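Okay, so here's the structure we're looking at.
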Amino acid sequence: MSTPDPKLLLAWYDSHARTLPWRVPPQPAGRRVLPDPYRVWLSEIMLQQTTVAAVKGYFDDFTRRWPSLADLAAADLDDVLRAWAGLGYYSRARNLKACANAVVADHGGAFPDNETELRKLPGIGAYTAAAIAAIAFDRPAVVVDGNVERVVSRLFRLTEPLPGSRPLIREKATLVTPNHRPGDFAQAMMDLGATICTPRKPVCGLCPWEKSCLVAHDADVAQFPRKAPKTARPTRHGTVFVVFQADGSVLLRKRPEKGLLGGMAEVPGTEWTAQSADHAEKFAPFICTKWTKLNRPVEHTFTHFHLVLSVWTGVADHANQTIDKHWWSSREAVAGEALPTVMRKVLKAAEPHRPGL
DNA sequence: CACTCGTGGGA
DNA sequence: TTCCCAAGAGT
């Protein structure tokens with residue numbers, strides 16, 4: 001069995017590359033056209049643990065609104081958070097803004113072209129530094145993401161489960177990464193992982209590396225890469241209060257800057273705890289005389305826990321009361337708030353109780 | 001090193 | 001329905 005030949009993968013990529021908004025298509029032999037580093041960086045941040053389908057719309061919105069790095073550096077963080085709402089992993093949005101500021105302040109507004117300097121920027125880890133160096137600057141960086149882990153684990157039939165196998169995966173990835181067209185090679189690995197060497201039902205018959213793959217003809221290709229067993233997801237409980245005014249506006253507040261959903265908007269509520277302690281009456285702000293508890297709680301599953309929220313709704317007794325660190329969001333404004341998906345679920349559940357329908 | 005940190009879609 | 005997962009980073 002021969003070592004996987006980069007030329008075979010690059011030839012496959014030349015005819016099968018996905019067309020993506022942040023990408024420059026593979027060029028004819030001898031030509032090299034590099035993409036805008038700003039767009040490469042933005043796409044890489046958005047794509048961290050996030051599907052291409054989910055990213056596309058956000059990428060279009062961001063690049064339309066902030067066409068250049070300088071535009072993003074000049075933006076308000078809260079505007080960036082509002083634009084990011086729904087995409088998840090919100091620390092990415094904060095680091096995105098911090099990174100834009102740092103590149104302007106410390107690098108004259110141009111991204112550094114090497115992994116070492118890229119790695120020092122907020123939100124850019126080992127993978128993203130290598131990806132930007134390779135894709136935006138065509139540097140021969142070893143790019144190891146989830147796709148590469150899967151492809152390499154299969155090519156070399158690595159039986160040790162993740163994450164323990166990572167050092168060996170990197171070693172093998174280094175072995176196959178060429179000095180020629182490293183940017184296209186990195187993107188080719190991702191396209192291969194996304195369209196051929198997929199997690200569940202890989203299409204080995206269409207793979208340019210089938211002949212050099214040690215598991216292509218196994219019955220259990222999809223069992224690679226092997227992974228350590230996952231721990232069970234606990235359930236947390238909380239109570240939230242959807243307070244309306246007669247004009248249909250709703251009371252919101254801002255979550256703490258750090259931690260889960262950091263800096264995002266929410267309706268007021270209790271802490272989320274393991275016990276379903278319903279201290280609702282004690283917590284409820286004294287701005288509504290009458291409260292209604294929804295029959296059905298709102299449920300939402302995060303990466304590491306499941307959340308069950310009891311939802312109480314009420315209409316404020318007096319118009320435009322000022323409440324410290326809260327604000328009233330009008331019907332028109334709610335859509336543009338930095339509300340994470342779980343809070344949009346809460347508002348949707350309370351919608352039948354909103355005045356002035 | 002192990003844990004935190006979102007979401008929507010597909011099987 | 002339930003589970004898994006998708007171009008990881010920060011601590």
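Chain A is the first sequence line, chain B the second, and so forth, proteins listed ahead of strands; every chain is numbered from 1. Small disclaimer: the values here were computed from a predicted structure and weren't measured.
For A/H304 and B/dC3, the shortest distance from a side-chain N or O to OP1 or OP2 is not below 4.0 Å. In this structure, A/R150 reaches the C/dA6 phosphate: one of its side-chain N or O atoms is under 4.0 Å from OP1 or OP2. At the phosphate of C/dC4, neither OP1 nor OP2 sits under 4.0 Å from any side-chain N or O atom of A/K227. For the OP1/OP2 pair of B/dT7 and a distance below 4.0 Å, the side-chain nitrogens and oxygens of A/T341 include at least one atom meeting the criterion.
As a whole-Å value, the separation of A/E257 CD from B/dC5 P is 15 Å. Going from atom CZ of A/F305 over to atom P of B/dT4 covers 10 Å, rounded to whole Å. Following rounding to the nearest Å, A/R255 (CZ) and B/dT4 (C1') show an atom-to-atom distance of 13 Å. Whole-Å rounding puts the A/M264 CE to B/dT7 P distance at 8 Å. Rounded to an integer number of Å, the gap from A/L192 CG to C/dA7 C1' is 14 Å. Rounded to whole Å, atom C1' of C/dG8 lies 9 Å from atom CG of A/D145. Distance CZ (A/R233) to C1' (C/dC3): 8 Å, rounded to an integer number of Å. Rounded to an integer number of Å, the gap from A/L96 CG to C/dA7 C1' is 15 Å.
Distance from the side chain of A/T128 is smallest to C/dA9 among C/dA7, B/dT7, C/dA9. Listed nucleotides C/dA9, B/dT7, C/dC5 differ in distance to A/V342; the shortest reach to its side chain belongs to B/dT7. For A/N147, the listed nucleotide lying nearest its side chain is C/dA7; candidates were C/dA7, B/dG6, B/dA11.
By the side chain to side chain contact (heavy atoms under 4.5 Å, CB included) test, A/Q321 is found to be paired with A/I287, A/A316, A/H318, residues two or more places apart in sequence or in another chain being considered.
Taking a 4.0 Å limit (strictly below) on heavy-atom distances, residues 32-66 of chain A reaches DNA chain B at A/Q49, A/T50. Using a 4.0 Å cutoff on non-hydrogen atoms, the parts of residues 84-91 of chain A near DNA chain B are A/G86, A/L87, A/G88, A/Y89, A/Y90, ordered by number.
Contact annotation for A/K201: no contact, since no heavy-atom pair falls under 4.0 Å across all strands. A/G259 comes within 4.0 angstrom of sugar-phosphate atoms only, judged by non-hydrogen atoms across all strands, and of no base. Using a 4.0 Å heavy-atom criterion, one finds that A/K345 contacts no nucleic acid atom at all. Contacts of A/P163 with the nucleic acid, taken as non-hydrogen atoms under 4.0 Å apart, are absent. Nucleic acid contact class of A/R94 (heavy atoms, under 4.0 Å, all strands): none. Among the atoms of the strands shown, base atoms are found under 4.0 Å from some heavy atom of A/L20.
Using P as the reference atom, B/dG8 and C/dA9 are 22 Å apart when rounded to the nearest Å. Between C/dA6 and B/dC5, the distance separating the two P atoms is 22 Å to the nearest Å. Using atom C1' as the reference point in both C/dA7 and B/dA2, the two lie 23 Å apart (nearest Å).
For a distance-only test at 3.5 Å, the side chain of A/R18 qualifies as a donor-acceptor partner of the base of C/dA7.
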Next item on the list: I would like to know whether A/M343 and A/L261 meet side-chain contact (heavy atoms from CB on, under 4.5 Å); could you show each step before the answer?
Entry: CA-CA 10 Å; A/M343 287 300 151; A/L261 309 176; 5.7 Å; no
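Within the structure, the ring pair (Phe, Tyr, Trp, His ring centres under 6.0 Å) test picks out the following pairs touching residues 56-78 of chain A (sequence neighbours left out): A/W22-A/F59, A/F62-A/W66, A/F62-A/W84. Among residue pairs with one or both ends in residues 108-118 of chain A, those qualifying as salt bridge (Lys or Arg N to Asp or Glu O under 4.0 Å) are A/D113-A/R139, A/E117-A/K120; sequence neighbours excluded. Among pairs with a residue in residues 32-58 of chain A, those fulfilling salt bridge (Lys or Arg N to Asp or Glu O under 4.0 Å) read A/R32-A/D138, at least two apart in sequence or across chains.
Under 4.0 Å is where a charged nitrogen must lie from a carboxylate oxygen, and between A/R226 and A/E160 no such pair does. No salt bridge links A/E351 with A/K348; every basic N to acidic carboxylate O contact stays at or beyond 4.0 Å.
Looking only at side-chain heavy atoms (C-beta outward), A/E299 and A/H306 come within less than 4.5 Å of each other. A 4.5 Å side-chain heavy-atom check between A/V55 and A/S43 finds every atom pair outside the cut-off.
Aromatic rings of A/F302 and A/H300 (six-membered ring for Trp) have centroids within the 6.0 Å cut-off, being under it.
Relative ring orientation between A/F241 and A/W312 is described as tilted, the plane-to-plane angle lying within the 30° to 60° band.
Ranked by how close their nearest DNA chain B nucleotide is to the 5' end, A/G262 and A/T231 are led by A/T231.
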